[in-house]
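The block underneath contains the structure these notes are about, expressed in structure tokens.
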Amino acid sequence: MRLSQLIGQRLHEAPRDAQTASHVFLMRGGFVRPLSTGIYSLLPLGRRVTARVEQIIREEMDRIRGQEILMPLVQPQELWEESGRAQAIGPELLRFRDRNDKPMVLAMTHEEAVVHLVRSDVTSYRQLPFMVYQIQIKYRDEARPRAGLIRVREFTMKDAYSFHADTESLDEFYLRVHEAYERIFRRVGLRECVSIESDTGMIGGSMSHEFMALAECGEDVIFMSPDGRYKANRDVAVSGVAFRKTEPRTLEKVHTPGRKTIEEVADFLGITPAETGKAVFYATPDGRLVFAMVRGDFEINETKLCNLLRTPELTFANDEQIRAVGAEPGYASPIGLDSTQITVVVDRSVAESSNLVVGANEPDYHQKNFNFERDLPAGATVADIATVRPGDPCPVTGEPLIMKHGIEVGNIFKLGTKYSEAMNCRFLDRNGRSRPMIMGCYGIGVGRTMAAVVEQAHDDFGPVWPMSIAPFHAHLIAINPGKGSVGEEAEKLYTELRETGVEVLYDDRGEKAGAAFFDADLIGCPIRLIVSPRTVKAGQVELKLRNGSRRDVLPRGDIVAEVRSIVEAELARLTP
RNA sequence: CGGGGCGUAGCGCAGCCUGGUUAGCGCGACUGCUUUGGGAGCAGUAGGUCGCGAGUUCGAAUCUCGCCGCCCCGACCA
């Protein structure tokens with residue numbers, strides 16, 4: 001490709017909207033352009049990168065016997081009513097009507113479509129197991145897109161679905177997909193990418209892992225032990241904090257005028273937040289009230305609480321609801337609540353501590369010396385509902401947990417029979433008995449992976465692409481091409497490189513050297529070749545690696561072979 | 001959906017408070033000449049519904065009201 005012909009202007013300055021490194025450089029380098037909030041076009045450079053990412057994914061899916069298919073983006077809403085998700089999913093699912101007034105949706109994932117496809121085609125255990133996948137656009141009407149390509153509304157995703165006769169088969173295949181994902185993320189050049197156990201969320205199922213590319217701008221929070229043996233999403237992470245009980249003292253009411261928050265109460269009484277109990281009232285969508293309590297120095301993890309209560313969401317209860325069960329907002333106590341009207345959940349940190357300060361269910365009063373076993377003898381659930389804090393001991397190694405941010409580039413789920421049962425996707429087993437198929441599903445965000453790579457591999461001047469997904473292997477610059485035979489020499493080299501299979505971006509514009517170098521940095525190809533009056537005269541070509549590891553002047557006759565060998569070595573290095 | 005910010009040329013911005021000719025600047029683009037190893041110089045050119053719509057006024061980029069769009073924080077999120 002000739003740079004003079006390439007569509008996608010490089011920008012000297014980043015658009016004001018661009019905040020993260022990947023957003024800035026993908027914009028400045030001419031890889032992507034925004035069309036609307038969270039909706040982007042890919043320019044030729046960006047498309048070349050995503051095409052390479054897709055090809056790597058394709059190869060690894062094929063390696064585990066995946067069969068590529070393509071399912072529709074536009075789907076009738078009735079299909080989503082079959083699975084129950086038309087009701088379960090909120091405005092994130094974009095609904096509209098076609099010209100015949102038929103309710104339609106834009107698919108945000110393809111469980112329904114793939115089940116629809118498979119249930120009429122696969123009927124026997126002899127056909128199981130198998131996996132189909134596609135690389136296709138999804139649309140999610142995100143409440144708030146952010147960080148450029150990290151969180152968007154329209155995006156390309158590889159989604160794969162496996163179908164099994166029994167859970168052993170799914171378990172076995174799940175591990176194979178896990179391995180395939182490790183290969184994929186290694187091959188695309190993500191340096192720090194960990195798989196962590198995660199919450200299954202709205203997609204359901206029994207087990208799931210998220211593949212997290214570690215990056216400061218990531219939205220997800222991960223807790224890891226220093227040796228990496230333990231790693232988990234914040235929503236499932238547990239800490240190994242040890243609590244200590246002491247001799248229970250007598251309950252005692254204390255006057256705490258106007259002190260509602262943990263900090264105010266602890267300050268006023270001259271104690272630490274760890275000596276208090278934090279109470280929060282929630283309401284579930286079906287109208288249940290929940291009283292949740294953690295020790296004052298912890299935070300409640302709503303995801304853990306939701307999972308415990310088997311509810312899709314929790315909202316804060318209002319003062320009216322709180323007073324209706326005999327509690328006082330800001331001074332709430334679990335003591336004396338009517339357990340027929342409210343579910344009481346107490347974190348381990350409360351159950352295993354002694355003599356905490358809690359509310360008195362009376363304005364301006366708290367109670368000292370709350371002891372769970374003595375003061376709440378029945379009707380309360382004890383569970384882990386607290387969010388882990390950085391520095392808490394690891395439950396496995398005991399070392400202080402490290403908190404990291406990550407970009408979720410992929411995930412894998414054991415779905416089980418959630419969709420096959422709801423949508424009647426069944427097969428006949430060996431004994432002629434009809435049974436629902438057991439499913440797994442596996443996603444990778446293509447654009448997000450590209451952005452994650454840039455987050456992990458860039459310098460002040462632009463991205464430093466791994467060879468495997470770089471838009472071109474090499475960036476050839478002719479400096480002063482009008483002088484002597486420089487232009488012809490560069491053209492010859494351009495042709496020779498392409499003939500040996502090297503993908504080359506050729507800067508034939510004749511810009512000043514400085515300008516050409518800045519553009520090359522901004523585009524970020526791994527190998528830079530320079531042909532100039534100086535090198536032509538010496539019968540040489542300059543070679544520089546974008547990552548800064550090498551800068552050489554080589555004989556003209558050696559350069560093509562050398563470039564080829566660098567490309568091959570780099571690709572080999574990235575292949576497990 | 002709550003809070004905040006911003007919409008003026010492809011990109012970055014000034015002008016707005018205090019209304020007043022043909023709306024500026026830098027970068028980028030185009031033409032020519034000179035340049036050519038880390039964003040060159042000179043000369044010239046093109047490029048604007050000042051987000052949209054009402055209103056106030058002799059006169060609106062500027063003041064008022066409404067709407068739209070975009071970004072950030074939060075809520076939310078297979």
- Rounded to the nearest Å, what distance is computed from the CD1 atom of residue A:Ile39 to the P atom of nucleotide B:C71? 10 Å

- Query: CD1 of A:Ile300 versus P of B:A75: gap in Å, rounded?
  - Reply: 15 Å

- Task: Report the base-pairing partner of B:G66 (Watson-Crick or G-U wobble, both distances below 3.5 angstrom), or none.
- Result: B:C52

- Task: Output all residues satisfying side chain to side chain contact (heavy atoms under 4.5 Å, CB included) with A:Glu491, sequence neighbours left out; order by chain, then residue number.
- Result: A:Arg2, A:Tyr494, A:Tyr506

- Query: A:Gln19 near the nucleic acid: base, sugar-phosphate alone, or nothing, with a heavy-atom cut-off under 4.0 Å?
  - Reply: sugar-phosphate

- Query: A:Thr535 near the nucleic acid: base, sugar-phosphate alone, or nothing, with a heavy-atom cut-off under 4.0 Å?
  - Reply: base

Close N or O pairs between protein and nucleotides 1-5 of chain B (under 3.5 Å):
none

- Query: Does a donor on one side chain sit under 3.5 Å from an acceptor on the other, for A:Glu455 and A:Ser22?
  - Reply: yes

- Message: Under a plain distance cut-off of 3.5 Å, with no hydrogens placed, do A:Tyr442 and A:Ser162 share a side-chain donor-acceptor pair?
- Response: yes

- Message: For a quick check, with a 4.0 angstrom heavy-atom cut-off, what is the B/S/- contact string for nucleotides 38-52 of chain B, read 5' to 3'?
- Response: BBB------------

- For B:A14, the nucleotide meeting Watson-Crick or G-U wobble distances (both under 3.5 Å) is none

- State which of B:U36, B:C70, B:A75 makes the closest approach to the side chain of A:Thr37. B:C70

- Residue list, side chain to side chain contact (heavy atoms under 4.5 Å, CB included) with A:Leu545, at least two apart or on another chain: A:Ile527, A:Leu543, A:Asn547, A:Ser549, A:Arg550, A:Ile566

- Query: Hey, what's the ring geometry for A:Phe163 with A:Phe130, parallel, tilted or perpendicular (30° and 60° as the breaks)?
  - Reply: parallel

- State whether the distance check finds a donor on one side and an acceptor on the other, under 3.5 Å, for side chain A:Glu13 versus base B:G28. no

- Message: Once side chain to side chain contact (heavy atoms under 4.5 Å, CB included) is applied, do any residues pair with A:Asp459, and if so which ones, sequence neighbours excluded?
- Response: A:Phe461, A:Val464, A:Arg546

- For A:Arg33, what residues pass the side chain to side chain contact (heavy atoms under 4.5 Å, CB included) criterion, not counting sequence neighbours? A:Gln9, A:Leu11, A:Met27, A:Leu43

- Which nucleotide in the set B:G12, B:G37, B:G74 lies at the smallest distance from any side-chain heavy atom of A:Arg146? B:G74

- Integer-rounded Å distance: B:U36 P and A:Lys483 NZ: 6 Å

